[in-house]
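When a residue number appears, it is its place in the shown sequence, counting from 1.
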Amino acid sequence: MPDETSPPNGISVRRLVPLGLLVAAGIAFVATGGHHYLTFAALAGNRDWLCGLVARWGLVATLVYTAAYAVLVALSVPGGAVLTIAGGFLFGTWLGTLCAMTGATLGAIGIFLAARAGLGGLAQRAGPLVGKLEAGFRADAFNYLLVLRLVPIFPFWLVNLVPALVGVKLRTYALATFLGIIPGTLVYASLGNGLGSVVEEPDLGIVFRPSVLVPIIGLAILALVPVGYKRWRRKGTP
């Protein structure tokens, strides 16, 4: 007997529930004004309270920060740069970077799994052209994902969803995400660490300055070298 929860295109409504809950929670968070706490004004206004919590809670504070970061990434709400800068301000450059990277990766895995459960294989049903692009992306998924994470051309939430649609393996996705966000996270965490006792809104465009962006683009090009080499070898094979 056919599954009544599955529409003709094969997508199960039941399997969409996790993704739907995340989307609904994200909308509710923004609708209730939660995003107003992800601003530099909120960071400055609560600076003493936050620093006091870190001083009292120690390691627990880092775990709470990491968990909160993961939840907000899974909900796909804006504010990642502010969160990362806050991590650098509260915990220092290196610990703040590690906590932000861990939280971002865990949150990205959460939305990836939810999207894969509900929308996995959708690209395969979109036609032969999309299927061919999907196969090419999946063949070199790690390198492509690493480039997308290194160079923030597309929104973080979008890069979280697309790999789930084209069938990228979780291990590949998680590793490329964790490694790819290192440069940008380190830049923002060090920016937060340099704020000192007075929290003023820094230049979020710092990651796009030539002195920062050019080395990151260089890393992205290096990540694509194996892809180009593989394609060249295939063309040269009789």
Item to complete: Please work out which of the three classes, parallel, tilted or perpendicular, describes the rings of F112 and Y173, given edges at 30° and 60°.
Response: parallel
Worksheet item: Are W94 and Y65 connected in the hydrophobic side-chain network, where two residues link if heavy atoms are under 4.5 Å apart?
Response: no
Item to complete: Can you measure from CG (L191) to CD1 (I85) and round to the nearest 0.5 angstrom?
Response: 4.5 Å
Worksheet entry | Between CG on residue L186 and OG1 on residue T84, distance to nearest 0.5 Å | 11.0 Å
Worksheet item: For P183 and L150, which heavy atoms make the closest approach, and how far apart are they?
Response: CG-CD2, 3.6 Å
Practice prompt. With side-chain contact (heavy atoms from CB on, under 4.5 Å) as the test, would you mind laying out the steps for N143 and V147 before giving the verdict?
Written response: CA-CA 6 Å; N143 301 86; V147 170; 5.7 Å; no
Fill in: Polar side chain donor-acceptor pair, Y69 to T102, under 3.5 angstrom
no
Worksheet entry | Reported CZ-to-CZ distance for the pair F40 and R47, which is rounded to 0.5 angstrom | 15.0 Å
Worksheet entry | Audit row: V166, V168, side-chain contact (heavy atoms from CB on, under 4.5 Å) steps and yes/no | CA-CA 6 Å; V166 300; V168 173; 3.7 Å; yes
Worksheet item: Going through the distances and angles, do F142 and L179 end up as a side-chain contact (heavy atoms from CB on, under 4.5 Å)?
Response: CA-CA 10 Å; F142 178 82; L179 295 178; 4.0 Å; yes
Discussion item. Starting from W57, can I reach L90 by hopping between I/L/V/M/F/W/Y residues whose side chains sit under 4.5 Å apart?
Written reply: yes
Discussion item. Applying side-chain contact (heavy atoms from CB on, under 4.5 Å) to V73 and N160, what does each step give before you reach the verdict?
Written reply: CA-CA 9 Å; V73 169; N160 290 339; 4.1 Å; yes
Fill in: Any donor-acceptor N/O pair, N193 side chain to A189 backbone, under 3.5 Å
no
Item to complete: Check T185, I109, T105, L106 against F178 for a side chain to side chain contact (heavy atoms under 4.5 Å, CB included) and give me the one that passes.
Response: T105
Worksheet entry | Contact check, side chains of L50 and L43, non-hydrogen atoms, under 4.5 Å | yes
Fill in: From CG (L83) to SG (C99), nearest 0.5 Å
12.0 Å
Worksheet item: Could you give the distance from OG (S190) to CZ (F89), rounded to the nearest 0.5 Å?
Response: 14.5 Å
Kindly list each side-chain donor-acceptor pair under 3.5 angstrom involving residues 18-38, sequence neighbours excluded, with atom names and distances?
residue : atom : partner : partner atom : Å
T32     : OG1  : A28     : O            : 2.8
T32     : OG1  : F29     : O            : 3.2
H35     : ND1  : V30     : O            : 3.2

Worksheet item: V60, L98: one ILVMFWY side-chain cluster at the under-4.5 Å cut-off?
Response: no
Item to complete: To the nearest 0.5 Å, tell me how far L145 CG sits from L175 CG.
Response: 10.0 Å
Practice prompt. Verify the cluster assignment for L53 and L59: are they in a single hydrophobic cluster under the rule of side-chain heavy atoms below 4.5 Å apart?
Written response: no
Worksheet item: Shared ILVMFWY cluster between L63 and L95, side chains joined below 4.5 angstrom?
Response: no
Discussion item. Cation-pi check for F156 against R149: NZ or CZ below 6.0 Å from the six-membered ring centre and within 45 degrees of the axis, yes or no?
Written reply: yes
